[in-house]
Amino acid sequence: MRDLFNNAPARAHRRAGVANNNLPGRHHHPDFDKLNMRGWRAAEKEGKLPSAAWQQERAWALRMGLTGSDSLEDKTIPTFARGELPHYAGINTFLKAPYIEDSTLVGNYDAAIIGVPFDGGTTYRPGTRFGPQGVRKISALYTPYNYEMGIDLREQMTLCDVGDVFTIPANIEKTFDQVTRAVSHVASSGALPIMIGGDHSIGFPCVRGIAQCTSKRIGIVHFDRHIDIQEKDLDERMHTTPWFHATDLANVPAVNLVQVGIGGWQVPREGVEEARKRNTNIFTMRDIEEMGLAETAARALELAWKDADAVYISFDIDSVDCGFVPGTGWPEPGGFLPREALELVSLVAREGICGLEVVEVSPPYDTSDITALLATRVIVDVLGTLVSHGKMGAHKHIIDKPVQIPAGPDVTSQGWDLKA
């Protein structure tokens, strides 16, 4: 029998821990300079970031949560958890940002998180009504600082969580009206609306909410495996239909709709026919592979921004390969790798946006919150990109028709604190 192991290297020594002198030596790299590495430059950039907002939060935590016990050496720790720390405790908003009970104050912030807990437009697996809760919960894992970007969101922008839209589970159209009203209020205030879905049917009322506030033209970059542009599905405006109705709006033309990642075995022919009629722009995963991420982003931006005044990003979590995002209603293999998706959405956001939605996160189907975590990452990467490229607030100039939504009459108490 032929000796299959006759080319195996000789054993240097029988005693454990003795070096094998037959291994190739390490090579010297005289031109290597760690100071030119991105890792070191990021470390230096952190040293230039302010920390005033973090110091303020810790002081606020002591005021609101009472000073900690005498046995604690760290005197910044309160008795009751307030703010970012600890990550496993507290009442979760997105990224532990302030919860704005009085929604009339949303305009005091650069950006506002809006939860849209609705899955009445789902045509297969439900559960996305729990998407906002799931994303908020796992977002507590993150800090506002990103090492590679050299950005600290807490120090360089203001963010609030305005809570959830009061959706109507049994009525799609009433829910759409509620969503449009909420988004138009936030957009009119000047804050950047960031929506957490919810199924993809909310894409239409979200875009409609911004379109109501402006006479300007809006383009859309849509990340998805599904085309989502048929008129109806199951006789209703479901999550397969948002872009048919959004591009029916006067200032949201279909020629500025760019659909990125489309493909697979879940693309209804009715939607393909409509895309062809409306002359939309469709990039398949193979297109993206052949062009590369940078070229894909450049072409998507060129098409979305052509004669437009602002661009809206719609990110369906199922655009990512289902091996990475099990918690979604219509999983599809062959989509983006997480790193590709994050790079591409950041490249698109560099030019500024008028709104962002992240949809189709279904926590009941998730594993270890990994789908909700990626949704969180999409949002914070977009915010970080806007800050680092000086585009936070760049959308405000298009709001030339702000809406006014009346508040209810003044009250002195929520109700729970009333005594008989």
Side-chain angles (χ1 to χ4, degrees), residues 92 94 113-139 163-180 182-183 194-207 222-246 261-262 264-268 270-271 314-333 335 357-376 378-379:
N92 284 334
F94 183 81
I113 301 295
I114 308 170
V116 188
F118 182 70
D119 55 14
T122 302
T123 56
Y124 187 51
R125 301 198 308 198
T128 57
R129 69 177 62 186
F130 302 111
Q133 289 183 6
V135 172
R136 286 186 177 108
K137 182 180 74 171
I138 198 61
S139 77
D164 290 344
V165 178
F166 196 134
T167 58
I168 314 299
N171 195 303
I172 293 174
E173 297 303 326
K174 289 181 179 179
T175 291
F176 284 1
D177 291 343
Q178 287 282 87
V179 174
T180 293
V183 173
I194 309 290
M195 282 66 69
I196 305 173
D199 69 53
H200 216 157
S201 68
I202 71 168
F204 162 56
C206 286
V207 170
H222 163 221
F223 294 82
D224 208 328
R225 293 291 280 150
H226 312 109
I227 205 162
D228 290 355
I229 196 172
Q230 62 198 73
E231 181 177 6
K232 285 187 175 183
D233 195 350
L234 308 179
D235 207 39
E236 294 286 350
R237 298 202 280 191
M238 307 294 276
H239 67 165
T240 48
T241 72
W243 310 126
F244 179 98
H245 304 289
I262 309 302
W265 296 86
Q266 300 171 4
V267 182
E270 296 89 343
S314 175
F315 190 94
D316 189 325
I317 204 70
D318 69 32
S319 64
V320 178
D321 187 279
C322 62
F324 299 96
V325 289
T328 190
W330 276 96
E332 172 66 20
E357 67 183 25
V358 180
V359 297
E360 296 290 353
V361 174
S362 183
Y365 291 95
D366 209 356
T367 300
S368 300
D369 300 316
I370 60 174
T371 308
L373 182 62
L374 183 57
T376 298
V378 169
I379 295 171

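Distance CD/Glu357 to CD/Glu360: 10.0 Å, rounded to 0.5 Å. Atoms CG and OG1, from Asp366 and Thr371 in turn, are 3.5 Å apart once rounded to the nearest 0.5 Å. The line from OG1 of Thr376 to CZ of Arg136 is 10.5 Å long, rounded to the nearest 0.5 Å. Put simply, OG1 on Thr128 and CD1 on Ile196 are 13.0 Å apart, with the number rounded to the nearest 0.5 Å. Note that OG1 of Thr241 and CD1 of Ile227 are 13.0 Å apart. Values are rounded to the nearest 0.5 Å. Separating the CE atom in Met195 from the CG atom in Asp164 is a distance of 13.0 Å, to the nearest 0.5 Å.
The minimum heavy-atom distance between Pro363 and Gly127, with the atom names listed, is CD-O, 3.6 Å. Closest non-hydrogen pair, Val165 versus Ala182, comes out as CG2-CB, 3.6 Å. Gln230 approaches Phe244 most closely through the heavy-atom pair O-CB, 3.4 Å. The two residues His226 and Ile262 come nearest to each other via the heavy atoms O-CD1, 3.3 Å. Nearest approach of Phe166 to Gln178, heavy atoms of both residues: O-NE2, 2.9 Å.
Taking the ring centroids of Trp243 and His200, they lie under the 6.0 Å cut-off.
Judged purely by atom type and a 3.5 angstrom limit, Arg225 uses its side chain to pair as donor or acceptor with the backbone of Pro333. Judged by distance alone, with hydrogens and angles left aside, the side-chain atoms of Ser362 form a donor-acceptor pair with the main-chain N or O of Pro126 at under 3.5 Å. Put simply, the side chain of Asn171 gets close to the backbone of Lys174: a donor and an acceptor are under 3.5 Å apart. In this structure a side-chain-to-backbone donor-acceptor pair under 3.5 Å is missing from Thr167 to Phe118. In this structure, the side chain of Glu236 does not engage the main chain of Met238 through any donor-acceptor pair within 3.5 Å.
No side-chain heavy atom of Ile317 sits less than 4.5 Å from a side-chain heavy atom of Ser319. No side-chain heavy atom of Ile370 sits less than 4.5 Å from a side-chain heavy atom of Phe324. Side-chain contact between Pro326 and Tyr365: absent, with no pair of heavy atoms (C-beta onward) separated by less than 4.5 Å. Side-chain contact between Val325 and Leu374 is present, with heavy atoms from C-beta onward closer than 4.5 Å. In this structure, Val135 and Phe94 have side chains that are in contact, with non-hydrogen atoms separated by less than 4.5 Å. At a threshold of 4.5 Å between non-hydrogen side-chain atoms, the residues Pro132 and Pro117 count as touching. Contact annotation: the side chain of Ile194 never approaches that of Ile114 to less than 4.5 Å [non-hydrogen atoms, C-beta and beyond]. Taking the side chain as every heavy atom from C-beta outward, Cys206 and Val179 approach each other to under 4.5 Å.
Asp228 and Thr240 share no donor-acceptor pair across their side chains, judged by distance under 3.5 Å alone.
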Exercise. Given the rule in the side-chain contact (heavy atoms from CB on, under 4.5 Å) test, do Phe315 and Ile379 qualify, once you have shown the distances and angles that lead to the verdict?
Worked result: CA-CA 10 Å; Phe315 190 94; Ile379 295 171; over 6 Å; no

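The residues Arg237 and Glu231 are annotated as not salt-bridged, no charged nitrogen and carboxylate oxygen being separated by less than 4.0 angstrom.
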